[in-house]
Amino acid sequence: MSTRAEQLLDWYDRDRRDLPWRMAPGEKADPYKVWMSEIMLQQTTVVTVKSYYKAFLKKWPSVQDLAGADLDEVLHAWQGLGYYARARNLHKCAQVVTRDHNGRFPESEKRLLELPGIGPYTAAAIASIAFGLKATPVDGNVERVVSRLFMVEETLPKAKKQLAELAQTLTPTTRAGDFAQAMMDLGATICTPKKAACGICPWMKGCVARLEGEPTDYPKKEAKKPKPTRKAYLFWIARQDGSVLLRKRPEKGLLGGMMEFPSSTWRQEEVSQANALREAPLDALWKKKEGIVKHTFTHFHLELTVLVGRVSRNPPVNGIWVKLEDLKDHALPTLMKKVAKHAITH
DNA sequence: GAGACGTGGTA
DNA sequence: TTACCAAGTCT
């Protein structure tokens, strides 16, 4: 009779997924690569991360290379991945590791936790995957697998502590890194949120939710609050030479450090065009663009009405003028790409 | 501790 | 179309 850990590791060795950041069996892990992949994978799917991971490793092969880059360059490479604080912290962390740790990531969960952008999950992931230490990273996958395996009735997020403790009891002394990745792979491919593939699960026999309940009913969660909708007018300002006005957002907060087209304040209340125009960066003859741009963030919906303004010369204004074909050279979040597409479509 | 913080895929 | 969901962290 093998332990649960052994059953899962057998499955992992047999069905191991080939991922860009995953080393071959026996191959020594590169902490820089493990760290890079774990930061990118926070709240983000494997499919989305793959191309970004390869691009970052090619552009910045070592932590020193990344530390020497400009933040704008890093944000530009990160554009589209979302949660831009991750990119800002990635850059900061590379500089701390380079300057304060001689270019090497500290080899303990506790000290990894002190680095920017590294929380409990990522510290445990790097400790176990990169350094072979016994640690138990607990992400959404692990919470789901464990909640079903033990049929935990407590709701998330209250159940977090209990689920983490249960996950720890499963973690083997050896191959903790492989075990962690196996748990996450199990959650990503078999023990999925909807329509779990229990028939091919290596843990089907001991799963309490499968024996006594409905696995996909777990983990139990608190009801979510509805998202409010915010609205604003966006100013698409085109100069005679065909360039448009772009400006940088504040370094912190939503889309921090990314570029944007100017807009009125995003408000939950209804805004008139006349009031919005008082926030325009300059005076122009405005023409409302047909239709609206919709975008949803984590905590609110956004609806933008685009006002096209044409200016002739080079008015004094805060921001930079960028030709349409050069927009790709700037760190534009997906929302602003949507806006650009909408604005230039007839 | 609860809310801020992106985006794309899926049902 | 809307809502949910994904390898979380920071304040």
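Here is how names work: the chains are called A, B, and so on, in the same order as the sequence lines, proteins then strands, and each is numbered from 1. From a predicted model like this one, the values you see are computed outputs, not experimental measurements. As a basis for the values below, the full set of heavy atoms in this structure was taken, side chains included, without hydrogen atoms, waters or symmetry mates.
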Within this structure, what is the [atom1]-to-[atom2] distance between [X] and [N], rounded to whole angstrom?
X	N	atom1	atom2	answer
A:Leu112	C:dT9	CG	P	12 Å
A:Lys220	C:dC5	NZ	C1'	18 Å
A:His301	C:dT2	NE2	P	8 Å
A:Lys50	C:dA6	NZ	P	19 Å
A:Glu251	C:dC10	CD	C1'	17 Å
A:Leu186	C:dA6	CG	P	14 Å
A:Glu114	C:dC10	CD	P	12 Å
A:Lys227	C:dC4	NZ	P	8 Å

(message) A:Thr265 and side chain to side chain donor-acceptor pair (under 3.5 Å): which single residue from A:Lys231, A:Arg230, A:Glu279 fits?
(response)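 With A:Thr265 as partner, side chain to side chain donor-acceptor pair (under 3.5 Å) holds for just one option, A:Glu279.
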(request) Compare every heavy atom of A:Pro281 with every heavy atom of A:Pro262, then report the nearest pair and how far apart it is. (result)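 What the structure gives for the nearest pair is CB-CG, 3.8 Å.
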(request) Could you run through nucleotides 5-11 of chain B and give me one letter per nucleotide, 5' to 3': B if any protein heavy atom sits under 4.0 Å from the base, S if only the sugar-phosphate is that close, - if neither? (result) BBBS---
(request) For C:dC4 and B:dG3, measure between their P atoms and round to the nearest Å. (result)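 Here C:dC4 and B:dG3 have their P atoms 15 Å from each other.
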(request) Using the P atom on both, measure C:dT9 against B:dG8 and round to a whole Å. (result)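 One P to the other, the span is 22 Å.
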Taking any heavy-atom pair under 4.0 Å as a contact, classify [X]: base, sugar-phosphate, or nothing.
X	value
A:Leu19	base
A:Pro157	nothing
A:Val47	nothing

(message) On the nucleotide C:dC10, are OP1 or OP2 found under 4.0 Å from the side-chain N or O atoms that A:Lys252 carries?
(response)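 Looking at the OP1 and OP2 atoms of C:dC10, neither is under 4.0 Å from any side-chain N or O of A:Lys252.
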(message) On the nucleotide B:dG3, are OP1 or OP2 found under 4.0 Å from the side-chain N or O atoms that A:Lys225 carries?
(response)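 So the side chain of A:Lys225 is within the cut-off, an N or O lying under 4.0 Å from OP1 or OP2 of B:dG3.
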Indicate yes or no for a side-chain donor-acceptor contact from [X] to the backbone of [Y] under 3.5 Å, with no hydrogens or angles considered.
X	Y	result
A:His330	A:Arg247	no
A:Thr44	A:Gln42	yes
A:Gln162	A:Ala159	no
A:Ser37	A:Val34	yes

(request) Hey, which sits more toward the 5' end of DNA chain C by its nearest nucleotide, A:Leu115 or A:Arg144? (result)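 The 5'-side residue here is A:Arg144.
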(request) Give a yes/no verdict on a cation-pi contact between A:Lys50 and A:Tyr52, requiring under 6.0 Å between NZ or CZ and the six-membered ring centre and an angle within 45° of the axis. (result)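 Judged by the rule (NZ or CZ under 6.0 Å from the ring centre, within 45° of its axis), A:Lys50 is not positioned above A:Tyr52.
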